[in-house]
Amino acid sequence: MQHDTAKRRHDLRNIAIIAHVDHGKTTLVDAMLKQTGAYHDKSGEEAICIMDSNDLEKERGITILSKNTSVRYKDTTVHIVDTPGHADFGSEVERVLRMVDGVLLLVDALDGPMPQTRFVLKKSLALGLRPIVVINKVDRLNCDPHAALDKVFSLFMELGASDAQLDFPVVYAVGRDGWASADYNHPAKDLSHLFEVIIKHVPGPLDLDDQPLRLLVTMLDYSSYTGRIGVGRIVQGRISAGQQVSIASPGTDPKTRKVMQLMGYKNFERIVIKDAHSGDIVAVAGLEGIEVGDTVSDLENPGVLPGLEIEQPTLAMEFYPNDGPFSGREGKFVTVTQIRDRLYKEQQINVGLKIEEIAGEPGFKVSGRGELHLSILIETMRREGYELCVSKMVVITHEENGVTVEPVEMLLLDAPAEYQGSVMNGLGSRGAQLKNMSVGDDGRVRFEYVISSKALIGFKSEFMSFTKGSGLMHHSFHGFLPEGSFNRPSRNGVFIAKEAGTSAGYALNSLQDHGIMCVGTGEDIYAGQIVGEHCRANDLVVNPCKEKKQTNMRSSTADMAITLTPHRQMSLEQAIEYVEEDEFVEVTPKNLRLRKKILDHSKRKRGEKTED
């Protein structure tokens, strides 16, 4: 148990960096690592996004997995936790906040605080953490740091911050150039000012080494050598390698385990250590069956800390092995056993994920926190060499007081004023509820809507088309409302390939007059594959492999050039948004194909008659 009278450690500071997507969080951490000598680039080239080590993170420019690092500034170790900024990974942010004593709230000098900033800030203020506000990117054209700071202060007031929390220090910075100062008109040479503010305003952890051990597990990792690894902060006591400990949660009986390996963090690597003290963030291996929210405690004096509430999944998809004619052509892992092993391995460390086997079928129901959460898993498996078929996303509903409710999101849009009508029409057709609308000084309109997760599926690509790529869209979980308040616009029918073969320009030329094609010439196609979108509501079975018949007769139109409209190439997110209940997205390392669940046309027709 912590005591206010206990002395604090002066050699350690635990902080989390919270910010919205693309506000420069990872770039600032990179600069902190470089300036404290934690990172030396051996190649001699400029390295960026050191913390975003995952290939997907580098490509998308977002943080997906929460990461720990520590840097040494003078006589103090600053332990930094870089957290995801997207709403789908919000549950990970909440758990990370339980490990730290202060937060760096990073805000873009032009954009100001955004919805995800609000969501995480509310959680951190409720936990009583001391914030430090960093106004980043103060070198941006047309930015107004004072206006951004006013918005932050208003947000603090709105979220009910205490007087102590409202008296937050402000640092102005440019993470890309690696400087921070108290006045943005006078740039500094480095980030020394930021480090000094952290040491001065973030309290050190309580020194409770003489108390019985209590360690709260907030994250999980997995090693094929040591098994499941629990990552968390030592609230009180000490822990050492080889020690016998008790693990339990508020709802489970205690189990005795042995600490096989104890690891701490130095720079951005894990290092094996012999022991650790109260306030340290450590990774413990060898605790079989450990879960997020468990307490690791002293065997002779066991105890349980208040657990962590893990947010329940809101979307579900079905994963099946690829049973199409091209199965095994491109992937290394194609069997249901290999897919099962991979999914259960992911569940070991991805706490927000839920895996269930589908009774009587060789498939799995995979539930996650959102569209991005699930698509990241599919893309990762695809790059590892897996072939699989995934179904349409389904929103998970539940009952409250006898009423079926569905998850809804708070949607914030920012778009030029000339696209206001298109955006409002698009959301009106989905049943979204407009909560607020304001016009900024720059001529852009900001909308706030409440919309169901189901109706939001597929809207992002539509919104980017409306605004010609100039719109900004952010959404976060809002709560639950009665089902049926929102709807998703129906999609047109599709062109379905009649037989296997190679797509021909002659056939595609006649088909493109009746819809939009999603295959080009010279592509291998099989029966049951979706090759385009029909201009009407019904599906149409077509032959995209039909060649022009050869003849000896001469004709004035025989050699007319065929002009094909470029076909639609969908990303993984667009593909899983597009498919209907009787369709699959076939995911392979090299290709994405849309197909019907039942490939044979006659069996599909027979199934439709049976349903009628």
Would you say [X]'s side chain and [Y]'s backbone share a donor-acceptor pair under 3.5 angstrom?
{"X": "Glu346", "Y": "Asp341", "value": "no"}
{"X": "Gln338", "Y": "Val334", "value": "yes"}
{"X": "Glu361", "Y": "Ile358", "value": "no"}
{"X": "Glu379", "Y": "Ile376", "value": "no"}
{"X": "Arg270", "Y": "Ala283", "value": "no"}
{"X": "Ser510", "Y": "Ala507", "value": "yes"}
{"X": "Glu523", "Y": "Gly520", "value": "yes"}
{"X": "Thr314", "Y": "Arg369", "value": "yes"}
{"X": "Glu318", "Y": "Val390", "value": "no"}

Are [X] and [Y] within salt-bridge range, i.e. N to O under 4.0 Å?
{"X": "Asp323", "Y": "Lys597", "answer": "no"}
{"X": "Arg228", "Y": "Glu291", "answer": "yes"}
{"X": "Glu387", "Y": "Lys332", "answer": "no"}
{"X": "Glu330", "Y": "Arg593", "answer": "yes"}
{"X": "Lys596", "Y": "Asp539", "answer": "yes"}
{"X": "Arg595", "Y": "Asp582", "answer": "no"}
{"X": "Glu577", "Y": "Lys460", "answer": "no"}

Within the structure provided, determine whether [X] and [Y] are in side-chain contact (heavy-atom separation under 4.5 Å).
{"X": "Met424", "Y": "Leu434", "result": "yes"}
{"X": "His534", "Y": "Val494", "result": "no"}
{"X": "Ile598", "Y": "Arg606", "result": "no"}
{"X": "Lys392", "Y": "Ile576", "result": "no"}
{"X": "Asp524", "Y": "Phe326", "result": "yes"}

> Can Leu511 and Met517 be said to form a side chain to side chain contact (heavy atoms under 4.5 Å, CB included), step by step?
Replying inline: CA-CA 8 Å; Leu511 286 174; Met517 305 309 297; 3.9 Å; yes

>> Go through it in stages, so that I can follow the logic: the residues are Glu573 and Leu372, the test is side chain to side chain contact (heavy atoms under 4.5 Å, CB included), and I'd like the CA-CA distance, side-chain angles, deciding distance and then a yes or no.
In response: CA-CA 8 Å; Glu573 282 88 350; Leu372 183 66; 4.1 Å; yes

> Should Phe495 and His514 be marked as a ring pair (Phe, Tyr, Trp, His ring centres under 6.0 Å) after you check the CA-CA gap, both sets of side-chain angles, and the distance that decides it?
Replying inline: CA-CA 10 Å; Phe495 293 140; His514 305 281; 7.5 Å; no

> Where do Leu315 and Ile457 land on the side chain to side chain contact (heavy atoms under 4.5 Å, CB included) test, with the steps shown first?
Replying inline: CA-CA 10 Å; Leu315 289 177; Ile457 294 171; 4.2 Å; yes

What distance separates [X] [atom1] from [Y] [atom2], expressed to the nearest 0.5 Å?
{"X": "Thr252", "Y": "Asp294", "atom1": "OG1", "atom2": "CG", "result": "5.5 Å"}
{"X": "Thr588", "Y": "Arg329", "atom1": "OG1", "atom2": "CZ", "result": "10.5 Å"}
{"X": "Ser453", "Y": "Glu409", "atom1": "OG", "atom2": "CD", "result": "4.0 Å"}
{"X": "Lys454", "Y": "Ile396", "atom1": "NZ", "atom2": "CD1", "result": "13.0 Å"}
{"X": "Ile530", "Y": "Leu594", "atom1": "CD1", "atom2": "CG", "result": "5.0 Å"}
{"X": "Leu388", "Y": "Ile339", "atom1": "CG", "atom2": "CD1", "result": "5.5 Å"}

>> Is it the case that over 12 heavy atoms from other parts of the model lie below 6.0 angstrom from the CZ atom of Arg536?
In response: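 Check fails, neighbour count at 12 or below.
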
>> Within the supplied structure, the quantity of interest is the number of heavy atoms (other residues, nucleotides, ligands) at a distance under 6.0 Å from Glu418 CD; does it exceed 12?
In response: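 For Glu418, atom CD is crowded (more than 12 foreign heavy atoms under 6.0 Å).
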
>> Ring centroids only, cut at 6.0 angstrom: are Tyr419 and Phe466 within range, meaning strictly under it?
In response: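 No, the ring of Tyr419 stays outside the 6.0 Å limit from the ring of Phe466, centre to centre.
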
> Are side-chain N/O atoms of Glu462 and Ser465 paired as donor and acceptor at under 3.5 Å?
Replying inline: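 No, no side-chain donor-acceptor contact under 3.5 Å.
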
> Do we see a donor-acceptor contact under 3.5 Å between the side chains of Tyr526 and Glu586?
Replying inline: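 Result is yes, a qualifying pair exists.
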
> Which is it for Phe319 and Phe364 under the ring pair (Phe, Tyr, Trp, His ring centres under 6.0 Å) test, yes or no, and what are the steps along the way?
Replying inline: CA-CA 5 Å; Phe319 285 40; Phe364 307 89; 8.3 Å; no

> Yes or no on side chain to side chain contact (heavy atoms under 4.5 Å, CB included) for Leu592 and Val587, after CA distance, side-chain angles and deciding distance?
Replying inline: CA-CA 5 Å; Leu592 291 172; Val587 182; 4.0 Å; yes

> Checking side-chain hydrogen bond (donor to acceptor under 3.5 Å, both in side chains) for the pair Glu533/Tyr578: CA distance, chi angles, key distance, verdict?
Replying inline: CA-CA 10 Å; Glu533 181 180 304; Tyr578 184 80; 2.7 Å; yes

>> Against the six-membered ring of Phe459, is Arg430 placed for a cation-pi contact (under 6.0 Å from the centre, within 45° of the normal)?
In response: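 Pair Arg430/Phe459 does not count as cation-pi.
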
